[in-house]
Asks: 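I'd like to ask some things about the structure below.
Below, each value reflects all heavy atoms present in this structure, side chains not excepted, and no hydrogens, waters or symmetry copies.
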Amino acid sequence: MFKKILIANRGEIALRIIRTCKEMGIETVAVYSTADRESLHVRFADEAVCIGPPPATESYLSIPKIMAAVEITNADGVHPGYGFLAENADFAEVCAEYGTKFIGPTPTMIRSMGDKVSARETMIKAKVPVVPGSDGLIEDVEHGKKVAKEIGYPVMIKATAGGGGKGMRMVSGEDEFESLWDSARKEAAASFGNDGIYIEKFVEEPRHIEIQIIGDQHGKVAHLSERDCSIQRRHQKLVEEAPSPFMTKQLRKKMGAAAIKAGQAIKYEGVGTVEFLVDKHRDFYFMEMNTRIQVEHPVTEEVIDHDLIKEQIKVAAGLPIKGENYEPSLHAIECRINAEDALNNFIPSPGKITSFHSAKGHGVRVDTHVYAGYTVPPYYDSMIAKLICKAQTREECITKMERALDEFIIEGIKTTIPFHKKLMRDENFRKGNYDTGFLNNFDIGD
Ligand code: MV4
């Protein structure tokens with residue numbers, strides 16, 4: 001088992017990892033930029049190393065600086081968290097070369113799932129359902145038009161190096177193909193330095209339902225049930241829940257089996273997420289596979305009573321997993337509380353938090369690194385807290401979430417709390433009637 005883990009991250013996830021390490025008797029090393037000198041992960045780690053100025057490229061994204069911190073503290077494990085270098089295969093490689101264990105999958109697995117066309121091909125071979133689409137990359141616009149015609153409009157143009165919607169265009173007919181193809185390629189080249197494009201049949205009104213999987217170093221893969229992440233604004237998740245209100249026992253069985261096949265196809269090691277698009281007929285299609293712990297992992301932890309960070313560390317240490325598949329026994333909902341002004345087009349709202357009263361009580365969990373007096377820096381992601389509620393039923397969970405949101409006081413900055421309050425009151429949300437397009441027609445302005 002690890003003696004000392006360096007957390008190559010910041011904010012709530014760094015604190016989350018430190019908590020589990022302490023419970024496992026593992027020493028912790030925090031790395032921080034000068035903007036995070038007063039951050040809680042620095043305070044609660046056993047050791048802390050300043051790795052540079054605020055810009056992420058000069059601190060949390062700097063592989064040489066993080067490796068220097070590994071060297072001087074002699075950490076035998078590195079936990080990347082999510083974002084930053086969590087899915088950076090080069091970083092995983094440098095850790096392996098250096099001899100410290102990257103807590104996550106191998107560089108090969110990260111690379112193969114990071115390239116969406118290669119991931120699709122892997123899934124086709126593993127007989128995991130994928131959206132009907134092109135056989136590999138599209139060579140040129142004429143090839144693209146031909147493939148789109150064969151698939152049948154509407155189609156979705158996607159970037160192979162993409163994710164999160166960048167370099168993606170929905171094409172309704174051949175007349176608009178060329179211009180949308182061009183803009184998608186340019187965006188992909190600008191965002192990822194790779195203009196590789198592929199095409200899929202457009203899935204109407206899809207839900208985003210992802211299956212949590214875990215694989216050990218002995219070839220076993222299990223699933224830990226699903227999360228519904230369809231409530232997104234401009235491809236940013238805002239609310240996640242488990243189980244999905246759209247799920248049935250039969251569908252969970254089928255999607256769980258498909259997710260395990262996806263993991264087994266690449267001999268997956270670690271905690272991972274297989275994302276699916278689910279249409280209104282409950283047909284499901286592989287979308288992407290994430291090779292990291294995700295922001296929304298707490299909703300799964302709450303419904304199956306597992307510590308996923310502990311599972312991640314145990315698997316990285318070579319321990320076997322039990323391998324049972326899990327059915328959720330409770331209901332959990334997570335609201336992401338961002339330093340954004342929900343009543344003003346969600347514009348960022350960094351600054352000093354003058355008062356902070358975190359919701360509490362039975363079935364309420366708050367994962368946060370902020371406190372009264374903390375200054376939210378403008379350099380990083382705007383998420384400052386995750387409010388997670390759990391209850392026996394979805395209805396009770398929504399009621400609990402409404403009470404918790406009402407009790408949650410954050411002053412000095414604007415947040416997304418008003419948005420969440422309004423969402424919880426929405427009739428369609430309360431009935432579970434939503435898909436990924438739900439927020440397109442949701443007016444938050446009070
Ligand atoms: C799709 C789709 C419909 N049909 N692919 C969005 C980002 C990336 N994860 C893939 N996405 C989509 N791919 C086909 N063939 C609709 C989306 C999509 C979406 C997916 C999940 C969650 C939110 C979304 C918001 C808009 C579009």
Asks: Is the ring centre of Y60 less than 6.0 Å from the ring centre of F84?
Replies: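 Distance test on ring centres: under 6.0 Å, yes.
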Asks: How long is the span from the SG atom in C335 to the CZ atom in F419, to the nearest 0.5 Å?
Replies: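 If we round to the nearest 0.5 Å, C335:SG and F419:CZ are 8.0 Å apart.
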Asks: Among I260, I211, V274, exactly one meets side-chain contact (heavy atoms from CB on, under 4.5 Å) together with M255. Which residue is that?
Replies: I211
Asks: Starting from the C-alpha separation in whole Å, work towards a yes-or-no answer on salt bridge (charged side-chain N to carboxylate O under 4.0 Å, His left out) for K386 and E296.
Replies: CA-CA 8 Å; K386 298 176 326 196; E296 60 270 23; over 6 Å; no
Asks: Do R292 and E87 sit within salt-bridge range, that is, some charged N less than 4.0 Å from a carboxylate O?
Replies: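 The answer is yes: the pair qualifies as a salt bridge.
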Asks: Mind checking whether F102 and H79 have ring centres under 6.0 Å apart?
Replies: no
Asks: Could you check whether any side-chain heavy atom of E402 comes within less than 4.5 Å of a side-chain heavy atom of D406, counting everything from C-beta outward?
Replies: no
Asks: Side chains of D36 and P377, heavy atoms from C-beta outward: is any pair under 4.5 Å?
Replies: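 The answer is yes, as the side chains (C-beta and beyond) meet within the 4.5 Å cut-off.
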Asks: Is there a donor-acceptor contact under 3.5 Å linking the side chains of S118 and R111?
Replies: no
Asks: Does K4 come within less than 4.0 Å of D76, counting only side-chain N to carboxylate O?
Replies: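 Salt bridge between K4 and D76, a charged N being under 4.0 Å from a carboxylate O: no.
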Asks: Working to the nearest 0.5 Å, report the span between CD1 of I7 and CG of N9.
Replies: 9.0 Å
Asks: Assess the residue pair E301 and I388 against the criterion (side-chain contact (heavy atoms from CB on, under 4.5 Å)); give the C-alpha distance rounded to whole Å, side-chain angles, the decisive distance to 0.1 Å, and a yes or no.
Replies: CA-CA 10 Å; E301 293 193 317; I388 303 109; over 6 Å; no
Asks: Do L277 and F286 have side chains that approach each other closer than 4.5 Å (heavy atoms only, starting at C-beta)?
Replies: no
Asks: Identify which one of K254, R207, R252, K253 satisfies the salt bridge (charged side-chain N to carboxylate O under 4.0 Å, His left out) criterion when paired with E226.
Replies: R252
Asks: Can a cation-pi geometry be assigned to K314 and F2, taking NZ or CZ under 6.0 Å from the six-membered ring centre and within 45° of the ring axis?
Replies: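 Pair K314/F2 does not count as cation-pi.
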Asks: State which residue, out of E302, E396, E334, fulfils the salt bridge (charged side-chain N to carboxylate O under 4.0 Å, His left out) condition with K390.
Replies: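 Checked E302, E396, E334 against K390; only one passes salt bridge (charged side-chain N to carboxylate O under 4.0 Å, His left out): E302.
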Asks: State whether a side-chain donor-acceptor pair under 3.5 Å links S33 with Y380.
Replies: yes
Asks: Answer yes when R120 and E200 have at least one side-chain N-carboxylate O distance shorter than 4.0 Å, and no when they do not.
Replies: yes
Asks: Decide yes or no for K400 and V364: does some side-chain heavy atom of the first lie under 4.5 Å from some side-chain heavy atom of the second?
Replies: yes
Asks: To the nearest 0.5 Å, tell me how far K3 NZ sits from I26 CD1.
Replies: 10.5 Å
Asks: Decide yes or no on salt bridge (charged side-chain N to carboxylate O under 4.0 Å, His left out) for K22 and E27, but give the supporting numbers first.
Replies: CA-CA 7 Å; K22 287 198 169 189; E27 282 183 60; over 6 Å; no
Asks: Between K116 and E288, is the closest basic N to carboxylate O distance under 4.0 Å?
Replies: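 Looking at E288 and K116, the cut-off is met.
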Asks: Compare every heavy atom of S349 with every heavy atom of D341, then report the nearest pair and how far apart it is.
Replies: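 Heavy-atom minimum between the residues: N-CB, 4.3 Å.
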Asks: To the nearest 0.5 Å, what is the distance between CG (N74) and CG (L6)?
Replies: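 Going from the CG atom of N74 to the CG atom of L6 covers 11.5 Å.
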Asks: Checking R282 against F246: charged group under 6.0 Å from the ring centre and within 45 degrees of the axis?
Replies: yes
Asks: Report yes or no: do E47 and T73 form a side-chain donor-acceptor pair below 3.5 Å?
Replies: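 No, no side-chain donor-acceptor pair sits under 3.5 Å.
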Asks: For E411 and T354, does a side-chain donor sit closer than 3.5 Å to a side-chain acceptor?
Replies: no
Asks: Could R394 and F429 be counted as a cation-pi pair, given that NZ or CZ must be under 6.0 Å from the ring centre and within 45° of the axis?
Replies: yes
Asks: Output the distance between atom CD1 (I293) and atom CG (L308), rounded to the nearest 0.5 Å.
Replies: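 Taking CD1 in I293 and CG in L308, the distance rounds to 5.0 Å.
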Asks: Would you say that K220 contacts K322 through its side chain, given a criterion of any heavy-atom pair below 4.5 Å between the two side chains?
Replies: no
Asks: On a heavy-atom basis, which atom in T106 and which in E269 lie closest, and how many Å separate them?
Replies: CG2-OE1, 4.2 Å
Asks: Under 3.5 Å, is there a donor on one side chain and an acceptor on the other for R16 and H297?
Replies: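 Their side chains do contain a donor-acceptor pair, which is all the 3.5 Å distance test asks for.
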Asks: Please tell me whether H331 and E241 have a donor and an acceptor in their side chains that are separated by less than 3.5 angstrom.
Replies: yes
Asks: So I63 and N88, side-chain contact (heavy atoms from CB on, under 4.5 Å) or not? Walk me through it.
Replies: CA-CA 10 Å; I63 294 176; N88 184 311; 4.3 Å; yes
Asks: About how many Å separate CD of E324 and CD1 of I304, when rounded to the nearest 0.5 Å?
Replies: 10.0 Å
Asks: Does the side chain of D307 pick up a donor-acceptor pair with the side chain of T20 at under 3.5 Å?
Replies: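 Yes, side-chain donor-acceptor contact under 3.5 Å.
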Asks: Do D228 and S244 meet the criterion of a side-chain donor-acceptor pair at a distance under 3.5 Å?
Replies: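 On atom types as modelled, these side chains qualify, holding a pair under 3.5 Å.
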